[in-house]
Structure formats: structure tokens, C-alpha cells
Amino acid sequence: MKKAIYRAFRPKTFDEVLGQDHITRVLKNQIRSGQPGHAYLFAGTRGTGKTSCAKIFARAVNCLHPVDGNPCNECENCKAILDETTLDVVEMDAASNRRIDDIRELKEHVVYPPSQLKYKVYIIDEAHMITREAFNALLKIMEEPPDHLIFILATTDPDQVPDTILSRLQRYEFKRLDIPSIEKNIRHIAGELDLTVEDSALHAMAIAADGAMRDALSLMDQVLAGGGKTIDEETVQAILGTVGYQSMSEMAAAIFQNRLSQTLSLSQDLLDRGKDPHTFIKELVEYFRLLLLVKGMDQKDKLPLDPTQVRELQDLVDEVEMDRIIDSLSLLLETEEVLRRSDFSEAVFQAGLVRLVNYVDRKSLTSRLAALEEKAEAIQRWETPRALVREEVDKAIRAMDLTALAAGTKTGASGPKEEEAFESTSPAPQDLPEPEPINSVPQNLSEPEPEAALRPAPPSAPKPEADPSSVEGNPMAWLRDHEDKLLDYFSARNSVPAYLFKKYDDLVSLGKDLYLVYTHETLGPIMKKEYEEAVAQAFREILGPDYRLFISLEAMEGAPEAQPVTPPEPVSRPEPQPEEKKEPADPVGPSTPLDKMKAVFPEDLLHIE
């Protein structure tokens with residue numbers, strides 16, 4: 001029976017193993033020093049040389065005349081292992097011997113010394129198939145093996161091996177072989193077999209191998225089964241069922257030039273020739289990956305392509321944006337995912353091609369949509385500020401003390417036309433601290449004495465002139481200089497909205513008492529009700545604890561809205577004769593709760609019928 005090519009040309013020394021120099025160098029050093037390990041794990045994808053290295057290592061540790069860490073393959077021990085006539089090197093398949101009983105039987109045999117060689121070597125292939133219980137049975141012998149015993153576990157899925165086993169092994173990761181290494185080995189074997197291989201066919205087989213040398217040699221074996229001494233690209237494509245490099249180039253050119261009719265015609269011709277859509281889409285993914293590399297890489301000589309192909313791909317993508325190549329690759333991967341789950345493979349595949357031709361810049365579209373959404377939110381937020389203010393006013397009204405309104409609570413403010421009546425119809429804020437009385441004012445203001453009220457106030461000592469740069473000397477100038485600091489304070493604590501605070505009309509200073517004036521009929525009550533304490537705290541932080549701030553809802557010229565009543569200015573006129581006491585007249589102003597609320601807030605904001 002004819003031997004398969006991958007078996008006939010299996011590497012016999014570490015130097016013949018391709019693409020795994022980082023592993024073979026360490027193993028050769030261990031052989032040269034005469035200090036091999038007792039257990040190894042060879043992990044990697046299929047066809048990367050795991051079993052070949054395990055067999056070479058088994059010969060090397062038992063070789064009578066090793067050559068620079070390699071087995072000589074000529075001595076008695078090497079020939080016995082190559083001819084499989086010795087029982088001291090055992091290769092077992094863990095997929096078939098995975099049960100705990102198989103491992104227990106193995107443990108019974110490994111304790112005996114080798115009959116012919118220096119070391120007993122057990123090569124366990126597909127080690128990840130061993131059951132958890134069997135691994136537990138193997139654990140003790142692997143932790144403290146006899147001096148004559150070496151285990152080599154080969155697996156494509158090392159994550160399935162328990163950590164307790166992994167910690168007792170020397171682990172080596174076998175990497176996928178690159179395309180030049182596979183092409184080099186195929187060319188060498190073709191020379192040994194007296195075959196001629198076209199460069200395009202050689203490249204097609206190397207790509208189809210996907211990093212596995214055994215797959216490439218199996219494909220070569222399949223091509224040679226058709227007879228002939230020449231391997232061409234057409235034969236390789238017929239066996240693989242692939243489309244081919246030239247067809248991929250034509251398809252990509254039609255896609256990038258937005259020629260929908262030509263793209264669909266090419267795809268339909270290839271499908272009519274029996275090409276599988278699943279294979280077709282995978283080839284397109286690989287081709288667009290090469291386009292991505294050609295577009296983005298500066299060192300073109302590192303690409304898995306010959307110079308002619310690199311120039312062709314470069315000409316194809318010179319006028320194509322990188323974003324389109326990336327988005328096209330994403331669309332192909334999405335189509336391949338849907339294709340695996342669909343029963344209508346041809347329809348799904350051709351629909352994906354249409355999406356590639358009718359390309360839309362996803363990045364640009366996403367950014368435009370985000371900008372439009374941001375503008376729409378801004379318009380919606382600022383087109384209806386009145387509704388937002390009305391909502392805040394309604395909230396403030398619901399929180400007001402309606403009982404106090406009904407009782408007609410009096411504050412101390414005086415109207416401009418009522419110098420004799422010291423009553424106001426506006427509700428006094430409950431949290432406004434009572435300022436210290438100015439000069440000498442009677443505490444009982446309900447029945448003031450007429451003569452005392454009209455008597456001129458005694459002259460007071462002149463006050464020292466305030467610093468013009470201080471808050472007492474020039475309040476508004478001070479506020480303008482410190483406005484940014486106040487806004488930073490509010491922003492850091494998220495306490496007072498900046499747009500509301502900046503609606504102030506004036507800042508009045510009466511000694512250590514400051515009055516921030518808001519005459520706006522809607523925003524003023526909101527600031528008074530919701531944010532007076534927060535603003536006062538900010539002023540105290542900046543000016544000091546001796547200063548107190550209140551919010552006034554009316555313009556001031558020296559006396560705030562909610563201040564203790566001060567005596568009227570002295571009037572130069574003869575003293576009036578005492579008059580009979582009369583009952584105080586009803587205060588001028590609203591008398592019902594509804595009228596009092598309308599006096600504070602605009603009627604169109606109250607929503608009260």
C-alpha cells in the first residue's frame with residue numbers, strides 16, 4: 001500500500017521541522033545536556049508538527065550517538081523506534097483510550113523499567129479527550145514518575161487539560177506555519193518526487209492549508225491521484241472547489257467600481273459552474289483581507305504574495321478609501337454568519353454582493369445621525385423654555401403655605417405710596433432671618449406713637465467711607481468681578497442653575513446684610529423659594545461668616561422688601577395736632593388666596609381656574 005505523502009516525508013530530525021524553531025532549539029539543548037524533562041505538553045493547531053516532534057524526541061533521548069541534539073536515525077535504538085519494533089516507545093490515542101480503566105492499566109505498565117531502551121516514552125495524542133476521572137488517576141504517576149519514564153501529551157485544545165496536570169508539564173505552543181514555509185516544503189517534496197508545480201498552484205495549496213503542513217501535503221496527494229507530473233492551478237481549484245485568484249480580482253474590481261450588473265453576472269457564472277457559496281464567501285473574506293494589508297502596510301515584501309500580485313492589488317485599491325475596505329470586510333463576515341444558518345445560500349450570498357456594490361459610508365452616516373440627534377435635542381430643549389419655567393412655578397406654588405396666604409400674613413415692606421402703612425400683602429419667606437434693626441426702632445410696631453413717628457431722628461455719627469472695591473463700597477462691581485467664582489462654586493456642587501442665577505438685577509449692601517434683587521415675575525420667586533440658602537452659603541464662603549445674603553423680589557433703594565420697618569425720613573413741617581385714634585383701615589391689596597398668588601405669579605402660569 002502506498003504511503004501518504006505526509007507520512008513518507010515526516011521530519012526525522014529537529015532540523016527538518018519547519019516553523020517551530022523556538023521549540024526545537026529548547027528540546028535539542030535538553031538532549032545535549034542529558035537532562036530531559038519527565039512530562040511535556042505539545043499544544044497547537046492540526047498539522048503543525050506536534051506528533052513529529054514527539055517521535056523525534058523519543059528517538060533523541062534513546063539515541064546511542066546523538067548529533068547536536070538530533071537522533072542519528074542509524075543506531076540500533078533509532079531503527080527499533082522507526083520500525084516500531086520496540087515496546088518501550090508507546091503511541092496511544094486518547095480518543096480511544098480515555099476511560100479511567102485505560103489509565104489504570106497504563107499505570108500498571110509504566111512502573112516497569114524499559115526492556116531495550118534507556119527511557120520509556122509514552123506519546124498520548126489528543127490528550128484533551130481524556131476524562132476528568134482518568135486525568136485524576138494519571139495525576140500521581142505524572143507528579144512523581146520513575147526515572148525511566150517520559151510522558152509527551154499532544155493536544156489541539158489545551159484548555160481542556162486540568163490545571164493540576166498542566167502544572168506538572170513543560171508546555172510548548174506550536175504556531176501555525178506561514179505560507180512561505182509551506183510553499184518551500186511542497187516544492188522540496190515535489191523535487192523529490194520529480195514533479196512540476198506551477199507557482200500559482202503552489203500558492204493556492206499553501207493558502208488552502210491554512211497553516212497546517214499536513215493539510216497541504218494531503219491536498220498534494222489528492223492532486224497527484226489524478227495522474228500526471230504537473231500540478232497546475234486549474235487542477236487545484238477543481239479539487240478544492242475554489243474560485244481562484246483571477247476571478248476574485250475581477251469581482252473586487254466590479255464591486256469597487258459600483259458595477260452591479262457585472263458583479264451579479266460574475267457571481268452567477270461561478271455558481272452555475274458548481275462553486276459553493278460558503279467557499280466563495282470565505283475566499284472573498286481572505287481576498288479583502290489581502291487588500292486591507294496592501295492598503296495599510298508599508299513593507300509589501302512581508303505579504304504572502306508574489307510581487308506581481310502585490311502590484312495588481314495595489315493598483316486596485318489606490319483609489320479606494322480604507323473605510324470602504326474595512327466596511328466591506330465587515331459586510332462579508334456578516335453575510336458569512338447568516339449564510340451558515342440559512343437554507344437559501346445563493347440568495348443570501350448575492351444579496352451580500354449587492355450591499356458591497358451599493359456601499360454607504362457607515363462612519364459618515366453614523367456621525368451625521370449623531371449630530372442631527374444632538375441638534376434635535378437642543379432645539380427641543382430651548383424652544384420651550386416657558387414650559388420649563390411654568391413647571392418650576394407650579395412646583396413652587398404647590399409647596400407654598402396656602403394657610404398663610406388665606407390669613408393674609410403681613411411682612412414689613414411698605415409700598416411707595418403708603419408711607420404711613422407698614423404692611424405688605426406678599427407672603428414673608430419662612431426661612432428669611434430677621435436682620436438686626438437699624439438705629440432705634442420700637443419693637444412693638446402694631447400701634448406706633450404719632451409723635452414719635454414724626455419726631456426727627458437724632459443725628460448719628462458719620463460712618464467711615466467704605467472701600468470702593470469691596471462688596472459694601474460697590475456691590476455690583478464686586479459681583480461682576482466674582483461672578484465666575486460663584487458660578488464655579490454652584491457648578492461644583494450642582495446647587496444653583498447658572499442661567500437662573502445670572503438673571504439678577506441688582507445687589508444692595510446694608511452693612512453686612514446683602515440683598516440680591518430679582519424683579520423677574522417668574523424667575524424671582526423660583527430663586528427665592530428654591531435657591532436662596534444655596535446662594536447665601538456661596539456668599540458666606542467667599543466673604544466670610546459675618547455676611548448674610550437675602551433674595552429680594554423688588555427693586556431696592558436702601559430698604560429691602562422683607563426688612564424691619566425703619567422710621568420715615570424727617571419732614572420739615574409743623575407738628576400736627578393730636579388726632580383721635582381711628583380703627584386701622586383694611587390693608588390695600590388682595591384679600592383671597594387666589595388674588596395673593598396672582599399678585600406674585602403671572603396668571604397665565606398658574607393654571608388655576
Testing the 3.5 Å rule here: is there a donor-acceptor pair between the side chains of [X] and [Y]?
| X | Y | value |
| --- | --- | --- |
| Q30 | Q170 | yes |
| S181 | D178 | yes |
| R59 | N77 | no |

I need the minimum non-hydrogen distance between [X] and [Y], along with the two atoms involved.
| X | Y | result |
| --- | --- | --- |
| K12 | N73 | O-ND2, 3.2 Å |
| K175 | G19 | CE-O, 2.9 Å |
| L117 | N62 | CB-OD1, 3.4 Å |
| C72 | V67 | CB-CG2, 4.4 Å |
| R324 | N258 | NH2-OD1, 2.9 Å |
| L166 | P158 | CD1-O, 4.2 Å |

Below 4.0 angstrom, N of the basic side chain to O of the carboxylate: do [X] and [Y] qualify?
| X | Y | answer |
| --- | --- | --- |
| R289 | E286 | yes |
| R340 | E337 | yes |
| E105 | K107 | no |
| D147 | K118 | no |
| R99 | E133 | no |

Note to self: Classify the ring geometry of F349 against F280: parallel below 30°, tilted from 30° to 60°, perpendicular beyond 60°.
What the structure shows: tilted
Check: Rounded to the nearest 0.5 Å, how far does CG of L353 lie from CD1 of I281?
Finding: 6.5 Å
Item checked: Any donor-acceptor N/O pair, K28 side chain to N70 backbone, under 3.5 Å -> no
Margin query: In this structure, is the centre-to-centre distance between the rings of Y359 and F256 below 6.0 Å?
Written below: no
